[in-house]
Number of protein chains: 6
Amino acid sequence: MRVLVVNVNTTAAMTEAIARQARAVAAPGTEIVGLTPSFGAPSVEGNFESYLAALAVMECVRAYPEPYDAVIQAGFGEHGREGLQELLTVPVVDITDAAASMAMLLGRSYSVITTLDRAVPLIEDRLKLSGLYDRCASVRASGLAVLDLESAPRLASEAIVAQARIAVETDRAEVLCLGCGGMAGLDAEVRAATGVPVVDGVSAAVALAESLVRLGLKTSKIRTYAPPLSKTLLRWPPT
Amino acid sequence: MRVLVVNVNTTAAMTEAIARQARAVAAPGTEIVGLTPSFGAPSVEGNFESYLAALAVMECVRAYPEPYDAVIQAGFGEHGREGLQELLTVPVVDITDAAASMAMLLGRSYSVITTLDRAVPLIEDRLKLSGLYDRCASVRASGLAVLDLESAPRLASEAIVAQARIAVETDRAEVLCLGCGGMAGLDAEVRAATGVPVVDGVSAAVALAESLVRLGLKTSKIRTYAPPLSKTLLRWPPT
Amino acid sequence: MRVLVVNVNTTAAMTEAIARQARAVAAPGTEIVGLTPSFGAPSVEGNFESYLAALAVMECVRAYPEPYDAVIQAGFGEHGREGLQELLTVPVVDITDAAASMAMLLGRSYSVITTLDRAVPLIEDRLKLSGLYDRCASVRASGLAVLDLESAPRLASEAIVAQARIAVETDRAEVLCLGCGGMAGLDAEVRAATGVPVVDGVSAAVALAESLVRLGLKTSKIRTYAPPLSKTLLRWPPT
Amino acid sequence: MRVLVVNVNTTAAMTEAIARQARAVAAPGTEIVGLTPSFGAPSVEGNFESYLAALAVMECVRAYPEPYDAVIQAGFGEHGREGLQELLTVPVVDITDAAASMAMLLGRSYSVITTLDRAVPLIEDRLKLSGLYDRCASVRASGLAVLDLESAPRLASEAIVAQARIAVETDRAEVLCLGCGGMAGLDAEVRAATGVPVVDGVSAAVALAESLVRLGLKTSKIRTYAPPLSKTLLRWPPT
Amino acid sequence: MRVLVVNVNTTAAMTEAIARQARAVAAPGTEIVGLTPSFGAPSVEGNFESYLAALAVMECVRAYPEPYDAVIQAGFGEHGREGLQELLTVPVVDITDAAASMAMLLGRSYSVITTLDRAVPLIEDRLKLSGLYDRCASVRASGLAVLDLESAPRLASEAIVAQARIAVETDRAEVLCLGCGGMAGLDAEVRAATGVPVVDGVSAAVALAESLVRLGLKTSKIRTYAPPLSKTLLRWPPT
Amino acid sequence: MRVLVVNVNTTAAMTEAIARQARAVAAPGTEIVGLTPSFGAPSVEGNFESYLAALAVMECVRAYPEPYDAVIQAGFGEHGREGLQELLTVPVVDITDAAASMAMLLGRSYSVITTLDRAVPLIEDRLKLSGLYDRCASVRASGLAVLDLESAPRLASEAIVAQARIAVETDRAEVLCLGCGGMAGLDAEVRAATGVPVVDGVSAAVALAESLVRLGLKTSKIRTYAPPLSKTLLRWPPT
């Protein structure tokens, strides 16, 4: 099967890292296609950039030729999943939902460790709307930006581990989710430091997308995610 | 003061109708400026179109020259309000939040009467994230599309009144909200048919925006709605 | 229009301060009438006094000759608003609801800073019943009594600012509400100390009451706030 | 022990009926004292009358000479319990809380059958604030007034049984609570008609009050129900 | 009346202590029968042991000859109450529910102080399913095991008092529940240290069970707790 | 990998059917081992039988020789998953959680169609504790018993389809879950009748268990699911 893994920002190196992580966990026979949006921000931090990413991801997928079997939106806590589900018939898995769903199978409560403080409310809102917030112990920010994960990896991982420890000890999290597509490689370190399972959203999303495809399950088209009505859009998509 | 009232679709006639309603309730000295997005759908029905509208509204406002004192997003249950709040320092009022806030001052529970069934989940989600859902008795759809409000007004109003009656009698709503920017003129008819107060979101938003301006209150910039970080966006905005 | 602003305690000087604040924000053409209950406590702190105030406010308003266009109950977190809504046809705005409603337009979460610790549960309960608690980050007490606001203003404002800072930094409030009718003048100081918008309930209530009147909206009389049945009351009101 | 059972309305015959019911279930050695407020409404239906009753009950108890061991507020869904708890050191049991607490020991969900439709929101609000609403399947109104229970008993009981059946069959209630102090005698009939346990609030409150006294448990005075501060009240209580 | 008080573990000395506490508060004429399961763990700490206790309690009660009037399950936060309610027609009272129900009559919020940290989630889950969690301020663990209450009573009580103080001061609990059947004797000490009422679950359960019996109330058999269908069980009960 | 799929009842034919369904969806290389408890009920319907099944499943797994990689508890809405998670280090997936988790990826709300009415509260409680209830539109019963699925397949499937239609049309479910391990084969028929995706819990659990194993994720052992303390159990397990 072919699974599109769509980065939410325009940084091709990050798309590559995400796709690499996806391939590392994909089943034999799964082809992972990493896609980078053709417009947007080099990293997505905040609501405006997230809304922009939502549209960019949708257009990026619409521009990609069929066939493919599933789509993964590889931004943690970003807008847009509902739009993709409307546009497509194949299953769509957001890495936020994927991480939380998997985490809830492993412990009674989970925390998310993300980058900037301003990402916290976005992640909380996504989890609430997805109905996955009830067992969320906390969403914590390391204080470092998305691109610091590449440029200052040691500093970034230390800050993440520090918050992870607080999540486990103070917030009583029993499982941790890495709350940024770019944190994929850090799971072993965080697990070693805290002793609890660590879920990477990209990996979880690949497994869930493959599962849905294998079980023949697709997005329900009966109401919320019915295809858009046929309309002539004004000046969209951008040329 | 000057208040921008931004339509979410590209139908200029609807912008005019919304602006007319806004002017009808604005205080003396308030200048209402109606804005129509330069890209998007002629009516917004569903998630993809709503995400597109979110971006189009943001760009529409960004392209408009300062100064202005407040911005109203005139789409019921649409995405994007958080992005506008991030981009601007003046207050932003979404007509969904405005209608619900006002309705809650008038009765113990309220219902929203909207157009298509597929709008119901979008409205519910906005109200949940805005923290205004707890006293929502129901969100009901008339089954008619946004543009039917113009093209088949009698049919549309009958369908709306029918759902309004069910909301009051069965769902126990004590106040009703008109759940579409284009329903503004129907409040008298719905009130007459049901005997309960009817809140039009555009009118409510104008009054709230004026109130915030007069009280000198602006969007909090401390966390969720802090300005976007300075970044070079790729191919955005579209030219 | 004429708006009655009813103090909940019997201290005329506090009524004057509240009316002054109301007049400072009222639109031209709005007449603010400050009313002091004819029985009750000199300051309202706790449930018994609050229940007493509820009745005193109702009788105070009933004794005032019509016409008037709206009524504001100027006690933060006090009982009685539902009773006023039942007795009157004009809109009723409680300053607790007004502050929270306005705050929710300005940020993702708000905190209330009040006087004594024992006021905290009362405020929380009012916000819960009003359906405005979901985005409340915290209700914090400064530890100083209502009348200390007059007698020891410096001490009072320092204690309020200290709690305001904790609300913003620890509880993650993005907006603050002043949780006592007598705190009206402190908004500038608290805003300066914390950098977030500060909502005064009296000011917010004036703006909302004026808005409702201008939009022609009145309390729903269909169920919860239907007028009392006609009955002969025993020994009430007191002579 | 001596337990005060305070009616919320001024109808002495109803006080007598309530006290009779209380005595029927009281343990040997428990003296039941029925009290009728000295001011207020002949029946309590709605918020104004309920707030008036709250004060009248408090003054009625304050005027009664000590010693006594517990106080029961015998109005279903009425205001005031928190005030009584503040004024007294002995335990206070509201029949609303008592009925719901007992019902929850007997089945997974319970419904309340009350009199007028306007009583429904009051009861719901009391149960919410008391933290006993989570397992409430519904609050249903028979449509008959409090005093109809005396004047038209056959009609009243038929209407109550009809709603009880709907509660069990449609709302999936497993236990029923009689939602009015005056319904005490109807439990056998409603149980026979529905096959589920029926809890009378007055009976439940007597048992709970006796239990608290026997266990030596009293109202917590540490915060919410601390005694009122010492103050000179203006023109209160009425002479 | 005869009330069975069933220990959840196999330690007969603990059954004795529980029965002693039950007898100390039982009304004259109530016969307390302490029962010890014939299989299971010497102390119940964690989910496996709790599930085992659930079955052991059910079999223990089934093996006891009728007649009896009520059954108390004397384990705090353990599984099984729903099963007992299904098997029996007499009322069943779990000490977890009993303690919380009583605590909620005495203050606005309550905390539970239990033994090991791993008991916290079990207790929270029971309270949630019982609909009694809304006003729970916290469940705190002393860190000492069930059997330490016997073997190291001084250490145990100090650890309990320490957590009780935090519950009152930090979590704002107004009432405390002793969260282990073996803590019964500690209520006076904890009350003295904190100044708030302390509810022992065994005592509360005795009073509630007696109350239900006196009021003639039994478990609803209409749906959730209907008797098991008639079936031949394989190799059960164990011989 | 080897995955144990444990039936909750003692009917070997049902174990076979479940294992067959599991094998039909398992990845190449996954060995499915169907296990039947050695004690318990031939079908599990109600709380007592469910608690009995919980223990029987735990003992059944404990008696099975290692190594194996994951365990699936194949009873819908049954007790015991927390106990298994405590006893094992490999991941445990309950089919209730699996079905709901998968359903939530496919639509905004889901309903469960189960067998007897008495199963409804059990399923609701499991979903609540698992934090997966927020988007549950309804749990509906077909009225037919577990074993009717085998003995009267036509009648059973008609009753299931009838409830499925109501769930979609009235309860607004967008996805359906088959709420009984024995319903596995009915998904195509229900999907054809309703037009929405249908999730079979056994299939979903196999995919999720395989996913967890492939990602190297195991149950968190830090608190709730820490291994039982070392103790000598009395007369357990039964010989």
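Below, read A as the first sequence line, B as the second, and so on, with proteins coming before strands; counting in each chain starts at 1.
- Ring pair D:F39/C:W236 is parallel by interplanar angle, where below 30° counts as parallel and above 60° as perpendicular.
- Heavy atoms closer than 4.5 Å to chain D are found in both the backbone and the side chain of C:L229.
- Options C:T232, C:T224, C:L84 differ in how many heavy-atom pairs under 4.5 Å they form with chain D, and the most are formed by C:T224.
- Listed here is the closest heavy atom pair of D:L52 and C:L55: N-CD2, 3.5 Å.
- Residue C:A54 touches chain D through its side chain alone, counting heavy-atom pairs closer than 4.5 Å.
- Using a 4.5 Å cut-off between heavy atoms, D:A226 contacts chain C through both its backbone and its side chain.
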Using the rule given for side-chain contact (heavy atoms from CB on, under 4.5 Å), can you reason through D:L87 versus C:N47, listing the C-alpha separation, both sets of side-chain angles and the distance that settles it, and then say yes or no? CA-CA 9 Å; D:L87 293 171; C:N47 272 290; over 6 Å; no

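- By a heavy-atom distance cut of under 4.5 Å, not one residue of residues 152-167 of chain C is near chain D.
- Heavy atoms of C:E59 lying under 4.5 Å from chain D belong exclusively to its side chain.
- Along residues 120-136 of chain D, the residues that come nearer than 4.5 angstrom to chain C, judged on non-hydrogen atoms, are D:P121, D:D125, D:R126, D:L129 in order of number.
- Of the two parts of D:S50, neither the backbone nor the side chain holds a non-hydrogen atom closer than 4.5 Å to a non-hydrogen atom of chain C.
- Not a single donor-acceptor pair under 3.5 Å links the side chain of C:K231 to the backbone N or O of D:P42.
- Interface check for chain C: of the options D:A119, D:A145, D:P228, the most heavy-atom pairs under 4.5 Å are formed by D:P228.
- If you tally non-hydrogen atom pairs under 4.5 Å between each of C:G80, C:P37, C:P238, C:A56 and chain D, the highest count goes to C:G80.
- Both the backbone and the side chain of C:E82 have a heavy atom closer than 4.5 Å to some heavy atom of chain D.
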Check against side-chain contact (heavy atoms from CB on, under 4.5 Å), D:F48 and C:R62: CA-CA 12 Å; D:F48 164 64; C:R62 294 222 289 186; 3.3 Å; yes

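- By the 4.5 Å heavy-atom criterion applied to side chains, D:R235 and C:T10 are not counted as neighbours.
- For a residue to count as touching a neighbouring chain, one of its non-hydrogen atoms must lie under 4.5 Å from one of that chain's; by this rule C:P237 does not touch chain D.
- Listed by first then second residue, pairs satisfying salt bridge (Lys or Arg N to Asp or Glu O under 4.0 Å) with a partner in residues 89-100 of chain D read D:R81-D:D97, not counting sequence neighbours.
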Could you pull out all donor-acceptor pairs under 3.5 Å where a side-chain atom in residues 64-72 of chain D meets a protein atom, sequence neighbours excluded?
from	atom 1	to	atom 2	distance (Å)
D:D69	OD2	D:R2	N	2.8

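- The most heavy-atom pairs under 4.5 Å with chain D, out of C:L116, C:I222, C:L234, come from C:L234.
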